[in-house]
Amino acid sequence: QVQLVESGGGLVQAGGSLRLSCAASGRTLSSFAMGWFRQTPGKEREFVAGIRWTGISTGYADAVKGRFTVSRDNAKNTVYLQMNSLKPEDTAVYYCAAGPSYGTMWYNGQGQVDYWGKGTLVTVSS
């Protein structure tokens with residue numbers, strides 16, 4: 001069993017930056033592909049970014065390409081999402097997810113997710 005805990009959310013002005021962290025316990029994350037998703041009220045959860053277990057290959061939604069960067073530190077069992085040039089439309093609850101290393105969740109958000117965090121709220125004011 002893996003427990004994922006997100007942190008780093010908060011209120012920021014448009015154009016600002018935030019860094020989200022996802023800390024894992026229970027098992028090492030090194031064998032999992034990791035992803036970040038977000039959700040706003042009344043909408044489905046959507047893929048934001050993902051990273052393979054090696055930390056070399058990453059995937060991003062078109063809406064965040066060039067502004068967000070996903071990374072991981074397997075030694076710290078932690079995954080990060082650096083968010084720059086934030087826009088009001090980035091406002092959402094951000095969730096961390098862990099899935100099989102052989103899946104495609106890390107690339108496009110599709111496929112199996114084995115574990116979810118409880119989320120952290122990001123609010124971007126205009």
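Nothing here was measured: the structure is a model prediction, and the numbers come from that model. All residue numbers refer to positions in the sequence shown, counting from 1.
Between Phe47 and Gln110 the shortest side-chain heavy-atom distance does not fall below 4.5 Å. In this structure the side chain of Ser101 never reaches within 4.5 angstrom of the side chain of Ser31, judged on heavy atoms. In this structure, the side chains of Phe37 and Met105 come closer than 4.5 Å at one or more pairs of heavy atoms.
In plain terms, the two heavy atoms of Val93 and Gly119 that are nearest each other are CG1-CA, 3.8 Å. The heavy-atom pair separating Ala97 from Val113 by the smallest distance is CB-CG1, 3.7 Å. The minimum heavy-atom distance linking Ala98 with Met34 is given by the pair CB-SD, 3.6 Å. Counting all heavy atoms, side chain and backbone alike, Ser30 lies closest to Trp53 at O-CB, 3.1 Å. Across every non-hydrogen atom of Leu4 and Ala24, the tightest pair is CD2-CB, 3.8 Å. A pairwise comparison of heavy atoms in Tyr95 and Lys118 identifies CE2-O, 3.4 Å as the closest pair.
Note: Phe68 and Tyr94 have tilted aromatic rings, judged against thresholds of 30 and 60 degrees for the angle between ring planes.
With values rounded to the nearest 0.5 angstrom, Tyr102 atom OH is found 4.5 Å from Gln112 atom CD. For the atom pair OG of Ser126 and NZ of Lys87, the computed distance is 14.0 Å after rounding to the nearest 0.5 Å. One distance of note links OG of Ser125 with CD of Gln13; it measures 5.0 Å at 0.5 Å rounding. For the atom pair Thr28 OG1 and Asn77 CG, the distance stands at 4.5 Å (nearest 0.5 Å). Considering OG1 of Thr123 and CG of Leu11, their distance stands at 6.0 Å, rounded to 0.5 Å.
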Exercise for the section: Please assess Asn84 against Thr69 for the test side-chain contact (heavy atoms from CB on, under 4.5 Å), listing each intermediate value before the final yes or no. Expected result: CA-CA 8 Å; Asn84 298 330; Thr69 303; 5.6 Å; no
Handout entry: Worked check of side-chain contact (heavy atoms from CB on, under 4.5 Å) between Cys96 and Trp116
Key = CA-CA 6 Å; Cys96 179; Trp116 289 99; over 6 Å; no
Exercise for the section: Could you go through the side-chain contact (heavy atoms from CB on, under 4.5 Å) check for Ser57 and Tyr107 one step at a time? Expected result: CA-CA 8 Å; Ser57 300; Tyr107 179 70; over 6 Å; no
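A salt bridge links Arg38 with Glu46: at least one charged nitrogen is closer than 4.0 Å to a carboxylate oxygen.
A chain of hydrophobic side-chain contacts below 4.5 Å, direct or via other Ile, Leu, Val, Met, Phe, Trp or Tyr residues, connects Trp36 to Met83. With hydrophobic clusters built from ILVMFWY side chains whose heavy atoms lie under 4.5 angstrom apart, Val70 shares a cluster with Leu18. Criterion: ILVMFWY side-chain heavy atoms under 4.5 Å apart, direct or through other members. Under it, Ile51 and Val2 are part of a common hydrophobic cluster. Put simply, Val48 and Leu29 are part of the same group of oily side chains (I, L, V, M, F, W, Y) that touch within less than 4.5 Å, one to the next.
Legend: residues meeting side chain to side chain contact (heavy atoms under 4.5 Å, CB included) with Val124, ordered by chain and number and at least two apart, are Val12, Ala14, Leu86, Pro88, Asp90, Thr91, Val122.
Within a 6.0 Å radius of OH in Tyr60, other residues, nucleotides and ligands contribute more than 12 heavy atoms.
Of the possible polar contacts, one joining the Arg72 side chain to the Arg52 backbone as a donor-acceptor pair under 3.5 Å is found.
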